[in-house]
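See below for the structure under consideration.
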Amino acid sequence: MQEPVELAIITVFSEELHASLYFVNASLQEVVFASTTGTLVPCPAAGIPPVTLRWYLATGEEIYDVPGIRHVHPNGTLQIFPFPPSSFNNLIHDNTYYCTAENPSGKIRSQDVHIKAVLREPYTVRVEDQKAMRGNVAVFKCIIPSSVEAYITVVSWEKDTVSLVSGEKVGSNAGQGLRMN
Ligand SMILES: *[C@@H]1O[C@H](CO)[C@@H](O)[C@H](O)[C@H]1NC(C)=O
Ligand SMILES: *[C@@H]1O[C@H](CO)[C@@H](O)[C@H](O)[C@H]1NC(C)=O
């Protein structure tokens, strides 16, 4: 009467060999998207056999569908739809989420993913007048509205429509030095 027991153990082992839960993209910690395009965020966790994927807010609240605003697809991809600036809601458009993957072999939780919308609003940059002695260097700073500063890169400076720096990226805080002739 020993044989049936051995068979049962072998079956359990082979199921365990095929069952797994794993992270697809452990480097996914932040998703920044434009309000005009929205975003699709795949769940960074997966497994075999097929997993049930669920999204939560970092507070532990399971998220619900908001028609036309936020949706979790059956394949576990979280979609945030494009929206006008007047519909910005920080609970949806600037919040920390995580996803879980669950199957008979267990359950794993992704790390937190900060999902943040950048509002696409018209903005202007400007340069303030500077005074410098003839022969000295005057430093000009590109002044960018703080609401968009983190997402703007100064790519060129022009003097009388002639480009001074082209192709080369200049940090947004970097000034342009000009020798006064
Ligand atoms: C993983 O996430 C990073 C950061 O968002 C992204 O750049 C990269 O394309 C992702 N890789 C995969 C395989 O999805
Ligand atoms: C999941 O489904 C959505 C909607 O059909 C699709 O846009 C998205 O590309 C899918 N993602 C993956 C990872 O298959």
Side-chain angles (χ1 to χ4, degrees), residues 2-125 144-155 169 171-173:
Q2 288 287 23
E3 273 175 45
V5 175
E6 279 172 21
L7 277 177
I9 290 168
I10 289 164
T11 310
V12 169
F13 276 159
S14 66
E15 271 176 11
E16 280 184 354
L17 282 176
H18 291 104
S20 64
L21 286 164
Y22 51 89
F23 297 104
V24 179
N25 193 348
S27 63
L28 185 70
Q29 290 177 29
E30 185 166 56
V31 174
V32 178
F33 68 100
S35 58
T36 48
T37 60
T39 189
L40 286 161
V41 187
C43 178
I48 299 166
V51 287
T52 303
L53 300 166
R54 290 195 185 88
W55 282 93
Y56 298 83
L57 294 180
T59 53
E61 233 180 298
E62 185 166 357
I63 66 163
Y64 49 91
D65 274 4
V66 185
I69 297 177
R70 181 177 65 195
H71 179 66
V72 179
H73 290 282
N75 65 10
T77 293
L78 170 64
Q79 179 164 16
I80 299 190
F81 292 93
F83 65 94
S86 59
S87 302
F88 177 82
N89 175 345
N90 65 318
L91 287 175
I92 290 170
H93 300 123
D94 184 2
N95 210 338
T96 303
Y97 293 80
Y98 65 88
C99 177
T100 61
E102 187 173 5
N103 68 12
S105 67
K107 184 175 181 178
I108 55 171
R109 174 202 194 282
S110 76
Q111 64 185 326
D112 288 349
V113 182
H114 186 195
I115 300 181
K116 181 178 165 57
V118 178
L119 301 182
R120 277 293 175 88
E121 288 177 299
Y123 67 92
T124 52
V125 298
I144 300 167
S146 56
S147 57
V148 293
E149 191 173 17
Y151 310 103
I152 301 295
T153 306
V154 176
V155 291
K169 282 195 175 176
S172 60
N173 293 322

- Task: Not counting sequence neighbours, which residues clear side chain to side chain donor-acceptor pair (under 3.5 Å) with D112? List them please.
- Result: R109

- Is there any salt bridge (Lys or Arg N to Asp or Glu O under 4.0 Å) pair reaching into residues 31-53, and which pairs are they, with sequence neighbours excluded? none

- Of all the heavy-atom pairs spanning F23 and S110, show the shortest one and how long it is. CE2-CA, 3.7 Å

- Item | Set of side chain to side chain contact (heavy atoms under 4.5 Å, CB included) partners for I69, sequence neighbours left out | V66, I92, H93

- Query: Taking only residues two or more places apart in sequence, or in another chain, which ones meet Q111 in a side chain to side chain donor-acceptor pair (under 3.5 Å)?
  - Reply: none

- Message: If I compare all heavy atoms of V24 with all of A46, which pair ends up nearest, and what's the gap?
- Response: CG2-CB, 3.7 Å

- Message: Do N89 and F83 make a side-chain contact, defined as non-hydrogen atoms from C-beta onward lying under 4.5 Å apart?
- Response: no

- Query: Is atom OH of Y22 surrounded by more than 12 heavy atoms (other residues, nucleotides or ligands) closer than 6.0 Å?
  - Reply: yes

- Message: Within the 4.5 Å heavy-atom criterion, are L78 and I63 side-chain neighbours or not?
- Response: yes

- Item | Interatomic distance, L21 atom CG to I108 atom CD1 [nearest 0.5 angstrom] | 5.0 Å

- Pairs meeting criterion side chain to side chain donor-acceptor pair (under 3.5 Å) with involvement of residues 58-70, two or more places apart: D65-H71, R70-Y97

- Query: Which residues pass the side chain to side chain contact (heavy atoms under 4.5 Å, CB included) test with T124, sequence neighbours left out?
  - Reply: none

- Query: If every non-hydrogen atom of T100 is compared with every non-hydrogen atom of C43, which pair is closest and at what distance?
  - Reply: O-SG, 4.4 Å

- Could you list the residues that satisfy side chain to side chain donor-acceptor pair (under 3.5 Å) with T77, not counting sequence neighbours? N75

- All salt bridge (Lys or Arg N to Asp or Glu O under 4.0 Å) counterparts of K116, not counting sequence neighbours: D94

- Note on the structure: Taking every heavy atom of Y123 against every heavy atom of P145, the minimum-distance pair comes out as CB-CG, 4.1 Å

- About how many Å separate CD1 of I115 and CG of N95, when rounded to the nearest 0.5 Å? 8.5 Å

- Note on the structure: One should read off an interatomic distance between T96 OG1 and Q29 CD, to the nearest 0.5 angstrom, of 11.0 Å

- What pairs meet the side chain to side chain donor-acceptor pair (under 3.5 Å) rule with one or both residues in residues 35-56, with sequence neighbours excluded? R54-E102

- Which residue pairs satisfy the salt bridge (Lys or Arg N to Asp or Glu O under 4.0 Å) criterion with at least one member in residues 72-86, sequence neighbours excluded? none

- Message: Can you give me the closest heavy-atom contact between L53 and G76, atom names plus distance?
- Response: CD1-CA, 3.6 Å

- Task: For P82, enumerate each residue passing the side chain to side chain contact (heavy atoms under 4.5 Å, CB included) test, keeping only those at least two apart in sequence or located in another chain.
- Result: none

- Task: Carefully, step by step, assess I80 and V41 under the rule side-chain contact (heavy atoms from CB on, under 4.5 Å).
- Result: CA-CA 8 Å; I80 299 190; V41 187; over 6 Å; no

- Can you sort out the partners of S105 under side chain to side chain donor-acceptor pair (under 3.5 Å), two or more places apart, ordered by chain and number? N103

- Search all heavy atoms of P42 against all heavy atoms of L28 and return the closest pair with its distance. O-CD2, 4.3 Å

